[in-house]
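Below you'll find the structure, written out as structure tokens, and then a few comments.
The sequence lines fix the lettering, A, B, ..., with proteins before strands; numbering per chain opens at 1. Every value quoted in this text rests on a predicted model; they were computed, and no experiment measured them.
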Protein chains: 2
Amino acid sequence: MGETKKRSTQQREAVARALEGAGGFRSAQDLFDALRNDGAKISLTTVYRTLQYLADEGSVDVLRSKEGEAIFRRCASSEHHHHLVCRECGAAVEIESAEVEDWAERVAERHGFTSVDHLAELYGVCRKCAN
Amino acid sequence: MGETKKRSTQQREAVARALEGAGGFRSAQDLFDALRNDGAKISLTTVYRTLQYLADEGSVDVLRSKEGEAIFRRCASSEHHHHLVCRECGAAVEIESAEVEDWAERVAERHGFTSVDHLAELYGVCRKCAN
DNA sequence: TCGCAGTTGAAAATCATTTGCATCTAGCCT
DNA sequence: AGGCTAGATGCAAATGATTTTCAACTGCGA
Ligand SMILES: [Zn+2]
Ligand SMILES: [Zn+2]
Ligand SMILES: [Zn+2]
Ligand SMILES: [Zn+2]
């Protein structure tokens, strides 16, 4: 039942690189397409597996697009944070806010809820996409 | 291109009632099961169709569970608001907060994003489920 | 260099949700 | 009250995203 040792493979490096290069939030399919266009030898299955692994490790953030598909992003900060995401291109800015953290805690307490965490994301159109 | 007239049917009434009775966020399947247990004559397809319709009308709020499935709730307020949701039973409290609204607007402006909206939900364990 | 646990890919399996279509029925007209 | 028809329903099949299966492959420590 111990953690299984992870290897460093071409595919995993490639996914990490693609994620890095993307900058914004991307779906597994998006990353797969980008990788294939770059001539990478990888399967969609492996992209999914790698993303799941990275998400579990906490090295990528996962959100859901309006349509419900999972989108991933390699964030600079590994601390808890929020995002301001561009609906057009997926570009994202990482946001920290004691304000929201305090609010969440205060509200939870007021209503007697415990083990409370939260999700707070902003969606808009970035300057570049605003045309 | 005009809106198509909607009828009031047994099934729609039943879904509305189930939603009302649920109190918290529920998946289409959850509602379907509850309805069937109550002896309602309805198909899962219709539950989905009705929920989609209600969501479009804005009379139910839609969130995504951690696993990505859509969960619905009939909220008292039709105004924009947030939720404090129980991870165990789905019970939810509606939250209004000028604080969060202001924060969102401020952050968006600071980064030059336009048409910004946001999602802010709190997840925890309610008093009842805390055992 | 060997051995093998961890990894990969292609295809099949899941799961939630949607769609096609033939069959009903609510609501309006007479 | 009976009929008409746009709208609604149910089942089965189609989708789409994600996961699993499993046999073949490959990092990497000995
Ligand atoms: Zn992030
Ligand atoms: Zn936070
Ligand atoms: Zn609500
Ligand atoms: Zn708000």
Side-chain angles (χ1 to χ4, degrees), chain A residues 1-19 22 24-57 59-73 90, chain B residues 1-19 22 24-57 59-73 90:
Chain A
M1 41 156 297
E3 301 298 293
T4 144
K5 303 152 199 167
K6 296 293 179 185
R7 280 177 201 167
S8 160
T9 67
Q10 283 182 47
Q11 291 76 343
R12 283 182 189 163
E13 307 274 308
V15 170
R17 217 176 309 121
L19 221 27
F25 280 89
R26 295 295 141 79
S27 70
Q29 186 68 58
D30 287 343
L31 292 166
F32 174 66
D33 293 343
L35 284 163
R36 275 300 176 79
N37 283 335
D38 274 343
K41 171 190 164 304
I42 192 172
S43 71
L44 180 56
T45 302
T46 294
V47 173
Y48 270 109
R49 277 194 284 232
T50 303
L51 288 172
Q52 185 179 59
Y53 158 63
L54 292 173
D56 288 347
E57 298 301 66
S59 43
V60 301
D61 286 355
V62 191
L63 290 181
R64 294 256 162 207
S65 70
K66 210 101 187 176
E67 299 76 47
E69 57 173 344
I71 49 180
F72 308 80
R73 180 174 193 261
Chain B
M1 40 158 296
E3 302 297 294
T4 144
K5 303 153 201 166
K6 297 293 179 185
R7 280 179 199 164
S8 160
T9 66
Q10 285 182 45
Q11 293 73 345
R12 283 183 189 161
E13 306 275 308
V15 170
R17 219 176 309 120
L19 222 26
F25 281 89
R26 294 293 142 80
S27 70
Q29 185 69 59
D30 286 343
L31 292 166
F32 173 66
D33 292 345
L35 284 164
R36 276 300 176 80
N37 283 336
D38 273 343
K41 172 189 163 303
I42 192 172
S43 71
L44 180 55
T45 302
T46 294
V47 174
Y48 270 109
R49 279 195 281 234
T50 302
L51 289 172
Q52 184 178 59
Y53 158 62
L54 293 174
D56 289 346
E57 298 302 67
S59 44
V60 300
D61 286 356
V62 190
L63 290 181
R64 295 247 162 215
S65 71
K66 209 99 186 179
E67 300 76 47
E69 56 174 344
I71 50 179
F72 310 78
R73 179 175 196 262

Using every non-hydrogen atom in the two residues, find where B:Ser43 and B:Phe32 come nearest and quote the distance to one decimal. C-CE1, 3.6 Å

Side chain of [X] only, please: which of [options] is the nearest?
| X | options | result |
| --- | --- | --- |
| B:Glu69 | C:dT7, C:dT17, C:dA26 | C:dT17 |
| B:Ala70 | C:dT17, D:dG10, D:dG7 | C:dT17 |
| B:Arg12 | D:dT9, C:dA26, C:dT8 | D:dT9 |
| B:Ser8 | C:dG27, D:dA17, C:dA11 | C:dG27 |

Has [X] got a side-chain N or O lying under 4.0 Å from the OP1 or OP2 atom of [N]?
| X | N | value |
| --- | --- | --- |
| A:Gln29 | D:dA17 | no |
| A:Tyr48 | D:dT18 | yes |
| B:Arg7 | D:dA6 | no |
| B:Thr9 | D:dT9 | yes |
| B:Gln11 | D:dG10 | yes |
| B:Thr46 | D:dG10 | yes |

Would you say A:Thr50 and A:Ile42 make side-chain contact, with heavy atoms under 4.5 Å? no

Just so I know, are the side chains of B:Arg36 and B:Lys41 near enough to count as touching, which here means a heavy-atom distance under 4.5 Å? no

Expressed as a whole number of angstroms, how long is the span from A:Gln10:CD to D:dC25:C1'?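 About 12 Å, once rounded to whole Å.
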
Separation of B:Gln52 atom CD from C:dA16 atom C1', in whole Å?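 Distance check: B:Gln52 CD to C:dA16 C1' gives 13 Å.
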
Any N or O donor-acceptor pair linking the side chain of B:Arg49 to the base of C:dT18 at under 3.5 Å? no

To the closest 0.5 Å, what do you measure between CZ (B:Arg64) and OG (A:Ser65)? 7.5 Å

Result for 5'-nearest mapping on DNA chain C, choosing between A:Ile42 and B:Ile71, is A:Ile42

